[in-house]
Each structure stands twice: as structure tokens, then as C-alpha cells.
Amino acid sequence: MIFENDTSLMKKLQILSDAAKYDVACTSSGVQRDGVKGDIGNAMSCGICHSFAADGRCISLLKILFTNECIYNCKYCINRVSNDVPRTSFTPEEVCHLTMEFYRRNYIEGLFLSSGILYSPDYTMELICRTLHDLRLRAKYNI
Ligand code: SF4
């Protein structure tokens with residue numbers, strides 16, 4: 001089970017995938033299209049986005065922030081400290097778990113990980129490096 005009855009992890013995923021949708025660095029950012037009866041397909045504005053590999057393949061990416069508990073107050077940003085939005089952070093273990101479980105189910109082929117700044121830039125980068133280290137070396141994610 002991806003969430004193993006862990007509603008707090010599901011809630012984190014909802015908050016931090018929604019918070020990442022404004023990071024317009026891929027082809028499907030921010031597109032919301034509901035399914036229509038009799039037609040095929042729908043699209044969510046957050047969660048899984050698409051990008052292109054060097055060989056031209058379209059690939060699906062789990063698109064999340066590591067944290068939106070940002071200490072900074074960039075005026076243009078929804079995650080600025082002065083904005084009243086739900087806040088949370090993943091742990092490196094949680095990002096690894098979600099990435100591997102989504103990958104095993106063929107939902108995604110990669111991870112688009114961005115982040116606000118938790119406590120300090122160095123602290124945040126340490127957490128992200130730990131996440132990538134664990135994905136590569138513990139989970140053997142080598143795509
Ligand atoms: S540093 Fe924080 S407030 Fe500024 S753009 Fe990044 S997430 Fe937003």
C-alpha cells in the first residue's frame with residue numbers, strides 16, 4: 001500500500017503537490033480539465049506532470065515540493081511566509097517511499113522535486129541531498 005492507512009502522508013502529498021503546481025517548468029503545469037461523460041481523459045493541475053527526455057520520449061514525473069514551510073516572503077509566491085495556506089514538509093524517507101511506490105505502479109518515471117526553504121538554505125539542501133542519496137543508493141532508483 002502506498003499510504004498504509006497513513007492519512008497524514010496522503011495529506012502531505014495533497015498539500016505539497018498542489019503547492020508545486022505553480023512551478024511552471026514542464027508541459028502540463030497548471031492544466032485542469034475534468035472528464036466529460038462520453039469522452040475520454042481528464043487532467044489534474046497538480047501531482048503528476050510531463051516532460052521530455054533527451055531522446056524525445058515524454059515522461060511522467062511526480063511533481064512535489066519537499067516543503068512549503070518557507071522562511072522567505074517572495075511577493076509573487078503562493079508559499080511565501082506571510083500567505084495563509086496549509087503548511088507541511090516531507091521527510092527524505094517519505095519522498096523515497098512515495099517515489100518508489102508510484103514508480104512500481106507505473107504511475108511515474110521520475111521525480112520533479114522542488115522546495116521552499118525550511119529553517120535555512122543549507123538545512124533544506126541537506127534534506128534534499130539525503131533524499132536523492134537514499135533514492136539512488138538505498139532504493140536503487142537508477143533511471
Ligand atoms: S524562497 Fe520561498 S517564498 Fe521565495 S519563491 Fe521560493 S518557496 Fe516561494
Side-chain angles (χ1 to χ4, degrees), residues 1-36 40-143:
M1 292 285 291
I2 295 180
F3 297 106
E4 294 164 357
N5 298 324
D6 186 346
T7 51
S8 70
L9 183 57
M10 189 184 289
K11 189 74 189 158
K12 283 185 182 185
L13 182 60
Q14 285 171 346
I15 292 171
L16 292 170
S17 61
D18 192 59
K21 73 185 178 190
Y22 301 100
D23 204 339
V24 286
C26 58
T27 55
S28 52
S29 287
V31 174
Q32 178 83 34
R33 179 168 42 84
D34 292 333
V36 176
I40 295 173
N42 64 3
M44 289 288 290
S45 61
C46 59
I48 294 177
C49 72
H50 299 93
S51 190
F52 292 94
D55 62 5
R57 282 181 311 126
C58 180
I59 53 177
S60 303
L61 305 171
L62 173 61
K63 186 179 177 192
I64 51 176
L65 294 189
F66 190 90
T67 179
N68 69 345
E69 296 180 291
C70 189
I71 61 172
Y72 291 121
N73 201 30
C74 305
K75 295 296 180 208
Y76 56 83
C77 180
I78 187 138
N79 299 309
R80 66 187 179 276
V81 69
S82 62
N83 203 18
D84 183 18
V85 292
R87 305 278 176 178
T88 191
S89 300
F90 284 125
T91 65
E93 294 75 22
E94 287 170 338
V95 175
C96 286
H97 172 71
L98 287 173
T99 303
M100 293 310 296
E101 293 301 318
F102 275 51
Y103 182 77
R104 288 192 178 106
R105 286 163 175 77
N106 212 20
Y107 296 162
I108 59 161
E109 295 166 276
L111 173 65
F112 183 124
L113 183 62
S114 185
S115 188
I117 303 299
L118 186 65
Y119 301 127
S120 74
D122 286 350
Y123 181 76
T124 307
M125 279 313 298
E126 276 178 31
L127 290 172
I128 290 175
C129 287
R130 248 187 59 206
T131 304
L132 302 183
H133 173 275
D134 289 356
L135 261 177
R136 286 282 192 231
L137 301 181
R138 294 215 173 128
K140 307 289 186 201
Y141 182 79
N142 285 318
I143 303 301

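We're numbering straight along the sequence, starting at 1. Order of listing sets the numbers, starting from 1, for every ligand and every atom in it.
Using a cut-off of 2.8 Å, one finds that C74 contributes an N/O/S atom close to atom 4 (Fe) of ligand 1.
By the 4.0 Å N-to-carboxylate-O rule, E126 lies too far from R130 to be salt-bridged with it.
More than 12 heavy-atom neighbours from other residues, nucleotides or ligands sit within 6.0 angstrom of CG on D55.
For atom 6 (Fe) of ligand 1, the nearest protein heavy atom lies 4.0 Å or farther away.
Annotation for ligand 1: atoms under 4.0 Å from non-hydrogen atoms of C77 are 3 (S), 5 (S), 7 (S), 8 (Fe). Atoms of ligand 1 lying under 4.0 Å from any heavy atom of Y76, numbered from 1 in the order shown and given with element: 5 (S). Counting atoms of ligand 1 from 1 in the listed order, those under 4.0 Å from a heavy atom of G116 are 7 (S).
To the nearest 0.5 Å, atom CD1 of residue I128 and atom NE2 of residue H133 are 15.5 Å apart. The distance from the CG atom of L16 to the CG atom of L62 is 10.5 Å, given to the nearest 0.5 Å.
Contact detail for I59 and F52: the closest heavy-atom pair is CG1-N, 4.4 Å.
For atom 1 (S) of ligand 1, the closest non-hydrogen atom on the protein side is C70 SG, 3.6 Å.
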